[in-house]
Amino acid sequence: MATGVDSFEDPPAEVLAEAAAAFGLLASSARLHIMWTLARGESDVTGLAERVGGALPAVSQHLAKLKLAGLVRSHREGRRMVYFVDDPGIVTVVRLMVGQMTARADAASASVQALRRTGA
């Protein structure tokens, strides 16, 4: 059985379960924001909390879940733990989905503005 993403055959149940679990983790807007931020470069917990506007303990818990799922990794720099995404495929998926939703929101906003200009 072919297992590549270009294949038309169904992937094994275990692969689908892992993918569903990863998407489940990314279904949280806070975790998605963390992944988006880490896709741009590594950061420690404090920097992430400031960037995503979350409380330090909450961001730390989100990172623990993402790390357990293998979506992020970390390394120590002195006293700090620095987190990063080292899987280009995960970065691509996050950027693609957020990009698509941004494009849709922009298009919807443009449509509303056009309607307002015409007085409809």
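Bear in mind that the values here come from a model prediction, so they are computed numbers and not experimental data.
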I need the [X] [atom1] to [Y] [atom2] distance, nearest 0.5 Å.
X	Y	atom1	atom2	result
Ser74	Arg80	OG	CZ	12.0 Å
Met101	Asp106	CE	CG	11.5 Å
Lys67	Ser60	NZ	OG	10.0 Å
Leu38	Leu48	CG	CG	5.0 Å

Does [X] use its side chain to pair, donor to acceptor, with the backbone of [Y] at less than 3.5 Å?
X	Y	answer
Thr37	His33	yes
Thr102	Val98	yes
Arg76	Met81	no

Candidates Leu68, Leu71, Asp44, Val45 - the one meeting side chain to side chain contact (heavy atoms under 4.5 Å, CB included) with Leu63: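 Exactly one candidate clears the test, Val45.
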Task: Tyr83 vs Ile34, side-chain contact (heavy atoms from CB on, under 4.5 Å): CA-CA, chis, key distance, verdict - done: CA-CA 10 Å; Tyr83 293 85; Ile34 290 168; over 6 Å; no
Identify the two heavy atoms, one from Gly24 and one from Arg31, that lie closest to each other, and give their separation to 0.1 Å.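 What the structure gives for the nearest pair is O-NH2, 4.3 Å.
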| Do you know which two heavy atoms are closest between Ala49 and Val59, and how far apart they sit? |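 For Ala49 versus Val59, the nearest heavy atoms are CA-CG2, 3.8 Å.
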Taking the side chain as every heavy atom from C-beta outward, state whether [X] and [Y] have any atom pair closer than 4.5 Å.
X	Y	result
Trp36	Arg95	yes
Glu42	Glu77	yes
Arg40	Arg51	yes

Please determine whether residues [X] and [Y] belong to a single hydrophobic cluster, defined as Ile, Leu, Val, Met, Phe, Trp and Tyr linked transitively by side-chain heavy-atom distances below 4.5 Å.
X	Y	value
Leu66	Leu56	yes
Val52	Leu32	yes
Val85	Val93	no

_Phe84, CZ atom: more than 12 neighbouring heavy atoms under 6.0 Å_ =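 It does: Phe84 CZ has more than 12 such atoms within range.
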